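A short worksheet on the structure shown next.
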Amino acid sequence: MNARSRRRIPTLLLAAAAAMFLVAWPGARVRAAEEPKFRIGVVTFLSGAAAGPFGVPARNGAEVLVEAINAGKMPAPYNKAGFGGRPVELVFIDENGGTTKQVSEFRDLVQRQKVDAVIGYISSGDCLAVAPVAEELKRLTIFFDCGTPRIFEDASYKYLFRTGATATIDNTAAALYVTEMKPQLKTVAAINQNYAWGQDSWNDFEAAIKVLKPDVKIGTSQMPKLLAGQYGAEISALLTSDADIVHSSFWGGDAEALILQGAPRGLFKKSTVLMTAGEPTLVRLGTQVPEGTVIGARGPFNVFAPDTELNRWFRKVYEERYGVVPSYPAYKMAQALLGLKAAYDKAQAANGGKRPNQDQVIAAFENLTFEGPGGPVAMSLGKGHQAVQGTAYGTVKHEGGKVTVTNVKRYPASRITPPDGVKSEDWIKSGFKTAK
């Protein structure tokens, strides 16, 4: 026997012993095999004008959260590793490119890449296009950010959920805030993007203002196309309108462009500019955001987030990794992932500890209440598929060379959300009948 053969004998003996052990103890085979991964397709803007302010923070939020979930290093009740012990794998898709591309990418995620769930979509246009396809392909899908109330007010879905509140809360709360801020409010103007999100936002805000201040004059309403980037003509129209309040639901690069182009021309001094989705500009532009701007974060996120263990943990791990605080897209992505984890773990517990199927996870998700870094979330609209959450607004102030918000006012969901089965538009026009 040569030396090479002698060296192989211990290896062969070990392999034989291991095989005998697995035969004698079947449970060892189960533990030896790795749990199958729970694969999630994550769709967010990774290129274009929406990437830096919105899409990339959302991706970053997903990455730090899933890393902690897989390691079992999150605060309770999320400290059990993975989804019921299954490690989570993320498959990222760029949302840039339009609705036709997003529908194609969604089909690819489900049919070719075989993801277990999809979390995504910032653009309301993309959400409206993807929603019926998710139902057609019967794949659990969670919208984490898009705000148009049309999704669950115009249709009913089994496989689709949205873990963020609709734009209705943004605009009813905004109307309450500015009418309290300016009791003598006389004129309102607007600049919003010309698609579902911008149209719905302005319609809801205008209707809410008319309820609260029936004598208010509605001035110019500018509707440039999404991500146009240049707003010289629109800013000129707003300057000549002499409005007390300029309402804008601009987000991403458009929100930054409005500040960087409008501030030097005096728009923010002549009018109080209300930016319902403006909070990410505080993180990226700092003191370039003019004092006196009214800012919202589409929920109780970042500067408006509660002082809880979960929020402190999330801010800490995010800032340590990326060097900046998480803006609201990161919060909303975290909220979607935690909602899905809460539903999965609940379904597994109800299934006697066995791995749940998709229908069981869906049943657990419906009407679920769970904790996010922005506080409690209730899936109580849209037959248990649409989240309800309060929000807050504040006014920008510069202190010590840094930007902050003052005069923060919080609005509970019960004050700014229509009851289930009632369309936002009808509820607002009826006079906020359920508001307290």
Side-chain angles (χ1 to χ4, degrees), residues 52-54 57 169-191 205 209 235 238-239 242-308 311-312 315 318-319 323-331 373-375 390-412 416:
F54 263 69
I169 73 157
D170 306 321
N171 295 290
T172 52
L176 289 165
Y177 188 91
V178 297
T179 52
E180 294 164 4
M181 178 187 189
K182 291 181 176 290
Q184 305 304 314
L185 178 64
K186 293 185 178 358
T187 306
V188 172
I191 178 168
F205 180 77
I209 282 288
I235 290 170
L238 292 170
L239 285 166
D242 292 323
D244 299 308
I245 296 289
V246 172
H247 169 275
S248 181
S249 61
F250 271 19
W251 56 274
D254 283 352
E256 294 182 358
L258 180 62
I259 291 169
L260 296 175
Q261 295 168 31
R265 296 184 59 184
L267 176 62
F268 288 74
K269 289 183 178 179
K270 190 168 187 180
S271 303
T272 295
V273 180
L274 161 65
M275 303 188 73
T276 62
E279 175 271 330
T281 65
L282 301 179
V283 177
R284 290 186 34 104
L285 299 183
T287 54
Q288 289 179 284
V289 182
E291 283 195 309
T293 305
V294 175
I295 289 285
R298 300 218 55 238
F301 306 123
N302 190 9
V303 292
F304 305 116
D307 184 19
T308 63
N311 179 46
R312 290 191 298 270
R315 290 177 68 86
Y318 190 100
E319 191 168 5
V324 295
V325 297
S327 55
Y328 90 68
Y331 271 84
T391 194
Y393 276 91
T395 302
V396 173
K397 184 175 178 58
H398 301 166
E399 289 182 349
K402 295 182 178 180
V403 67
T404 185
V405 291
T406 62
N407 192 29
V408 173
K409 295 187 178 181
R410 301 183 180 278
Y411 301 92
I416 54 178

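Remember, it's a predicted structure, so these values are computed and weren't measured experimentally.
- The heavy-atom pair separating A330 from P57 by the smallest distance is CB-O, 3.4 Å.
- Salt-bridge check for D170 with R298: passed, with a basic side-chain N closer than 4.0 Å to an acidic carboxylate O.
- For the pair P373 and P306, the tightest heavy-atom approach, listed with the atom from each and the gap, is O-CD, 3.8 Å.
- Atom CG in L238 sits 10.0 Å away from atom NZ in K270 (nearest 0.5 Å).
- The distance from atom OH of Y177 to atom CD1 of I416, rounded to the nearest 0.5 Å, is 14.0 Å.
- The shortest heavy-atom contact between S249 and A277 is O-CB, 4.3 Å.
- With N311 contributing its side chain and G374 its backbone, the two residues share no donor-acceptor pair below 3.5 Å.
- In this structure, the side chain of S248 engages the main chain of I191 through a donor-acceptor pair within 3.5 Å.
- Closest non-hydrogen pair, E279 versus A297, comes out as CB-CB, 3.6 Å.
- Between the N302 side chain and the Y328 main chain, no donor and acceptor come within less than 3.5 Å of each other.
- The CG atom of L176 lies 11.5 Å from the OG1 atom of T391; values are rounded to the nearest 0.5 Å.
- Looking at heavy atoms from C-beta onward, V178 lies in side-chain contact with I209 at the 4.5 angstrom threshold.
- Screening V405, I295, V408 against V303 for a side-chain contact (heavy atoms from CB on, under 4.5 Å) leaves a single residue, V405.
- Of all heavy-atom pairs between H398 and E291, the closest is N-OE2, 2.8 Å.
- Tested against F268 for a side-chain contact (heavy atoms from CB on, under 4.5 Å), the candidates V246, V396, V289, T293 yield a single pass: T293.
- Taking CG from D242 and OG from S271, the interatomic distance works out to 7.5 Å, rounded to the nearest 0.5 Å.
- Contact annotation: the side chain of I259 approaches that of P290 to within less than 4.5 Å [non-hydrogen atoms, C-beta and beyond].
- Pairing each heavy atom of S327 with each of P53, the nearest pair is OG-O, 4.2 Å.
- Interatomic distance, K397 NZ to N407 CG, rounded to the nearest 0.5 Å: 11.5 Å.
- A side chain to side chain donor-acceptor pair (under 3.5 Å) with H247 is found for exactly one of T276, T272, N171, namely N171.
- The only member of Y331, F250, W251 that meets ring pair (Phe, Tyr, Trp, His ring centres under 6.0 Å) when paired with F54 is W251.
- For the atom pair L274 CG and K182 NZ, the distance stands at 11.5 Å (nearest 0.5 Å).
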